[in-house]
Amino acid sequence: MLKIWYYSGVQYMKDAPSYFDHVYEDEWITDSFVKEMILDVDRSAVVSAHVIESPVLGAITPRELSGGVKVLILMLKDNSFVYNMSNCGDNCAKWILKIAEQKDLIVYLQHILRFEGEFQIMIMNTGRIVHNQREYVRGLLEAEKLQKE
């Protein structure tokens, strides 16, 4: 299940993209699920653990991936921290839900991310479980209101 702390005082990784650059492992990049994420989010194809073909940048290394993809990979592969989902754009939302189907995923968020369809997300600030975008937005606004009080 995806569990979100929204504007909360929880400790979280503040610079996950830089952290990724120093800790990622070759096998992370060649994992079929990760390859699919990279192709979808960054429109780039993994050639090998060290070479990714970007339509914009040409041949790049994993260090040149977008911050969003780096955070997704960390969420999947490294349980050391609560990661800041605010590094991710809406194009990462479906992948966050897919990762949360594989394992409990606790994240931090500072903006409303667009999740589509039906899902199950717990807003940690309130303990409320939401099931669609409308409930999700209401849940985040409720959590934000609690933070301001």
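The structure presented is a predicted model; accordingly, all values stated were derived computationally and were not measured.
- Judged as a salt bridge (charged side-chain N to carboxylate O under 4.0 Å, His left out), and not counting sequence neighbours, Glu135 has no contacts.
- The side-chain hydrogen bond (donor to acceptor under 3.5 Å, both in side chains) check on Ser18 picks up Asp15, with sequence neighbours excluded.
- Among residues at least two apart or in separate chains, side chain to side chain donor-acceptor pair (under 3.5 Å) pairs with a member in residues 48-72 are Asp21-Lys70, Asp26-His50, Asp42-Ser66, Thr61-Glu64.
- In this structure Tyr7 satisfies the ring-ring contact (aromatic ring centres under 6.0 Å, His included) test with no other residue, sequence neighbours excluded.
- Between Trp95 and Phe33, the gap from one ring centroid to the other is short of 6.0 Å.
- Remark: Phe20 pairs with Tyr24 by the ring-ring contact (aromatic ring centres under 6.0 Å, His included) rule, at least two apart or across chains.
- Not counting sequence neighbours, the partners of Lys14 by the side-chain contact (heavy atoms from CB on, under 4.5 Å) test are Tyr12.
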Tabulate below the donor-acceptor pairs under 3.5 Å that side-chain atoms of residues 74-83 make, not counting sequence neighbours, or state none.
from: Lys77; atom 1: NZ; to: Asp31; atom 2: OD2; distance (Å): 2.9
from: Asp78; atom 1: OD1; to: Ser80; atom 2: N; distance (Å): 2.8
from: Asp78; atom 1: OD1; to: Ser80; atom 2: OG; distance (Å): 2.5
from: Asp78; atom 1: OD2; to: Tyr19; atom 2: OH; distance (Å): 2.7
from: Asn79; atom 1: OD1; to: Lys103; atom 2: NZ; distance (Å): 2.5
from: Tyr83; atom 1: OH; to: Asp78; atom 2: O; distance (Å): 3.2

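- Side-chain heavy-atom separations under 4.5 angstrom define the hydrophobic clusters, and the remaining members of the one that includes Val51 are Val47.
- Under the side-chain hydrogen bond (donor to acceptor under 3.5 Å, both in side chains) criterion, Asn84 pairs with Ser86, sequence neighbours left out.
- Legend: salt bridge (Lys or Arg N to Asp or Glu O under 4.0 Å) pairs involving residues 82-102, not counting sequence neighbours, sorted by first then second residue: Asp40-Lys94.
- Proximity of a side-chain donor or acceptor of Asp104 to a complementary backbone N or O of Met1 within less than 3.5 Å is detected.
- Residue pairs meeting the side chain to side chain donor-acceptor pair (under 3.5 Å) criterion with at least one member in residues 114-126: none, sequence neighbours excluded.
- Applying the side-chain contact (heavy atoms from CB on, under 4.5 Å) rule to Phe119 yields the partners Leu97, Phe115, Ile121, Val130, Tyr136; only residues at least two apart in sequence or on another chain are considered.
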